[in-house]
Amino acid sequence: MAHCSESVEDFYLNTLCAVDVASGWTECVPVWGKGQVRVKTAVHRVRQRLPFPLLGVDSDNGSEFINQVFYTYCREEKLTFTRSRAYKKNDSCHVEQKNGNIVRRLVGYDRYVSKAAYERLDMLYDCVRLYVNFFQPTMKLWSKTRDWARVHKVYEKAQTPYQRLSHSDILPPAEKAQLAAMYNGLNPVQLLAQINGHLEKLWRLAEHHNGLGNRNYDATSASSLTV
């Protein structure tokens with residue numbers, strides 16, 4: 001996600017958003033520009049923060065992913081690397097949803113170019129990942145049938161990504177216990193306060209185009225955060 005306001009000229013910060021399709025676990029990290037090495041480093045950082053092994057990456061068709069640097073990284077780390085079909089936005093629907101519900105809803109559309117903004121984004125996402133993955137339940141589509149023009153969808157019971165991982169056989173008991181200990185040590189009210197505090201400081205660092213901001217959000221965004 002580009003934090004460039006209305007112009008993609010010159011330098012601006014970006015956000016890398018990664019979503020696990022099975023559990024819904026979401027990670028966001030800031031990226032200094034869109035250089036190939038920077039993006040590879042951001043993906044590696046996401047990999048280190050995941051509570052489960054990363055087996056593969058499915059990216060869009062941007063040059064920040066489709067390049068020799070990232071291909072070599074995936075090959076050396078034995079990661080399956082696939083990409084979405086060109087001009088098929090639904091192939092990346094899981095990430096596109098989080099881009100809107102998390103990144104755009106909180107950070108907005110302003111332009112960020114400074115080191116201070118990068119560091120503040122990093123602190124913001126440290127809190128957001130905990131709040132979203134441990135306290136924000138989502139419903140996953142179980143089945144979909146079509147009867148002429150009518151579409152009938154069945155969803156599973158709403159669960160947080162943490163709950164899906166806890167109920168699955170993906171994690172060994174020791175790692176499940178570690179996640180449970182992390183969950184028990186978190187306070188959602190305190191996390192929301194920290195998120196709002198980081199947002200207020202981040203918004204002051206925006207570089208406005210012609211002195212005007214480009215926000216489609218308000219200061220209550222974090223308190224109403226849903227995914």
Lys/Arg-Asp/Glu bridge criterion (N-O < 4.0 Å) met for D122, R45: yes
Basic-acidic side-chain contact under 4.0 Å: D110, R204: no
Nearest 0.5 angstrom please: [X] [atom1] to [Y] [atom2], how far?
| X | Y | atom1 | atom2 | value |
| --- | --- | --- | --- | --- |
| R129 | E27 | CZ | CD | 4.0 Å |
| L202 | I195 | CG | CD1 | 12.5 Å |
| S5 | E207 | OG | CD | 9.0 Å |
| L16 | K34 | CG | NZ | 11.5 Å |
| C17 | H94 | SG | NE2 | 12.0 Å |

Check: T72/Q68 side-chain N/O donor and acceptor closer than 3.5 Å: yes
side-chain contact (heavy atoms from CB on, under 4.5 Å) between K201 and L124, intermediate numbers included: CA-CA 10 Å; K201 294 177 181 178; L124 170 66; over 6 Å; no
Positive for side chain to side chain donor-acceptor pair (under 3.5 Å) with T138, one of Q97, E156, K98, R164: R164
Counterpart residues, side chain to side chain donor-acceptor pair (under 3.5 Å), relative to H198 (two or more places apart): R120
With a cut-off of 6.0 Å (strictly less than), are more than 12 heavy atoms of other residues, nucleotides or ligands near [atom1] of [X]?
| X | atom1 | answer |
| --- | --- | --- |
| Q48 | CD | yes |
| K140 | NZ | yes |
| Q178 | CD | no |
| F11 | CZ | yes |
| K78 | NZ | no |

Close aromatic pair by centroid cut-off 6.0 Å: Y12 and W32: no
So, the side chain of [X] versus the backbone of [Y]: is there a donor-acceptor pair under 3.5 Å, distance only?
| X | Y | value |
| --- | --- | --- |
| Q163 | T160 | yes |
| R104 | M1 | no |
| N67 | E64 | yes |
| D91 | R85 | yes |

Test log, rule side-chain hydrogen bond (donor to acceptor under 3.5 Å, both in side chains), inputs T82 and D58: CA-CA 5 Å; T82 58; D58 182 69; 2.7 Å; yes
side-chain hydrogen bond (donor to acceptor under 3.5 Å, both in side chains) between S166 and Y183, worked out: CA-CA 11 Å; S166 298; Y183 170 75; over 6 Å; no
From F70, Y73, Y71, residue fulfilling ring pair (Phe, Tyr, Trp, His ring centres under 6.0 Å) relative to F81: F70
Side-chain heavy-atom pair L191, F135 within 4.5 angstrom cut-off: yes
Residue pair T15, V107: steps toward the side-chain contact (heavy atoms from CB on, under 4.5 Å) verdict: CA-CA 10 Å; T15 290; V107 180; 5.7 Å; no
Residue pair Q159, H167: steps toward the side-chain hydrogen bond (donor to acceptor under 3.5 Å, both in side chains) verdict: CA-CA 10 Å; Q159 299 181 81; H167 298 158; 3.0 Å; yes
